[in-house]
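For reference, the structure is listed below as structure tokens.
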Amino acid sequence: MSRLYGDPIEVWTRDGEPTQFVWRDRLYLVRRVLDHWVVAREWWKTSEGDPGERKFWRVEASPGREVGSYELRYDTAGNAWLLLRAWD
């Protein structure tokens with residue numbers, strides 16, 4: 001079962017992939033990238049140079065010993081990250 005959040009998060013990356021993130025004042029270490037995809041929509045564009053892309057990652061991550069699955073989204077226009085979904 002998953003839960004939707006849409007919470008802003010701070011993310012550290014290496015070679016364009018998330019390696020750790022802070023969500024609700026807890027640091028999560030990304031153990032493994034499970035999936036990565038890009039969605040481009042014309043109506044997401046905010047300017048002529050904006051590709052209108054959202055980049056998504058589904059990762060296994062943990063703030064300690066318990067590992068969970070999380071869906072992260074990067075908005076190219078706003079240069080912002082969100083935690084969209086978490087699986088139990």
Side-chain angles (χ1 to χ4, degrees):
M1 183 167 155
S2 69
R3 292 191 176 114
L4 295 174
Y5 292 98
D7 292 345
I9 56 173
E10 186 174 353
V11 178
W12 288 263
T13 62
R14 183 179 316 120
D15 299 325
E17 289 193 347
T19 57
Q20 56 187 8
F21 59 92
V22 174
W23 178 45
R24 297 184 175 179
D25 297 324
R26 294 182 77 184
L27 177 65
Y28 289 74
L29 299 177
V30 174
R31 307 289 184 180
R32 182 167 62 126
V33 173
L34 301 171
D35 199 5
H36 170 61
W37 64 99
V38 178
V39 177
R41 297 283 188 260
E42 188 68 29
W43 50 272
W44 279 340
K45 292 184 176 186
T46 59
S47 68
E48 186 64 33
D50 178 9
E53 290 182 347
R54 304 298 187 265
K55 298 180 180 182
F56 296 84
W57 283 265
R58 187 170 182 191
V59 300
E60 281 185 349
S62 66
R65 293 178 191 241
E66 292 184 33
V67 177
S69 293
Y70 303 90
E71 186 175 301
L72 313 179
R73 185 186 87 186
Y74 176 68
D75 178 354
T76 57
N79 192 28
W81 287 87
L82 295 176
L83 187 135
L84 292 180
R85 182 183 309 259
W87 282 265
D88 294 339

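Shown here for V38 and K55, the closest heavy-atom pair between the two residues is CG2-CG, 3.9 Å. Across R31 and G64, no two heavy atoms sit closer than the pair NH2-O, 3.3 Å. Of all heavy-atom pairs spanning G6 and L82, the tightest one is O-CD2, 3.6 Å. The minimum heavy-atom distance between G16 and W57, with the atom names listed, is O-CZ2, 3.2 Å. Shown here for P18 and V11, the closest heavy-atom pair between the two residues is CB-CG1, 3.8 Å.
Interatomic distance, CD of Q20 versus CD1 of I9, reported as 11.5 Å (0.5 Å rounding). Between the OH atom in Y5 and the CD atom in E71 there is a gap of 13.0 Å [rounded to 0.5 Å].
For the pair W12 and V22, the minimum side-chain heavy-atom distance is below 4.5 Å. In this structure, the side chains of Y70 and L84 stay at 4.5 Å or more apart for every pair of heavy atoms. Side chains of V59 and L72 form a contact here, defined as non-hydrogen atoms less than 4.5 Å apart.
V33 and L83 fall within the same hydrophobic cluster, defined by Ile, Leu, Val, Met, Phe, Trp and Tyr side-chain heavy atoms under 4.5 Å apart, directly or through other members.
Shown here is R24, whose CZ atom has more than 12 heavy atoms of other residues, nucleotides or ligands within 6.0 Å.
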Run the numbers on N79 and Y74 for side chain to side chain contact (heavy atoms under 4.5 Å, CB included), then give the verdict. CA-CA 7 Å; N79 192 28; Y74 176 68; 2.5 Å; yes
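In summary, E60 and R32 engage in a salt bridge, as defined by a charged side-chain N under 4.0 Å from a carboxylate O.
In this structure a side-chain-to-backbone donor-acceptor pair under 3.5 Å is missing from H36 to R58.
With ring centers used as reference points, W81 lies 6.0 Å or more from W23.
With 3.5 Å as the limit, one finds no donor-acceptor pair spanning the side chains of T19 and R14.
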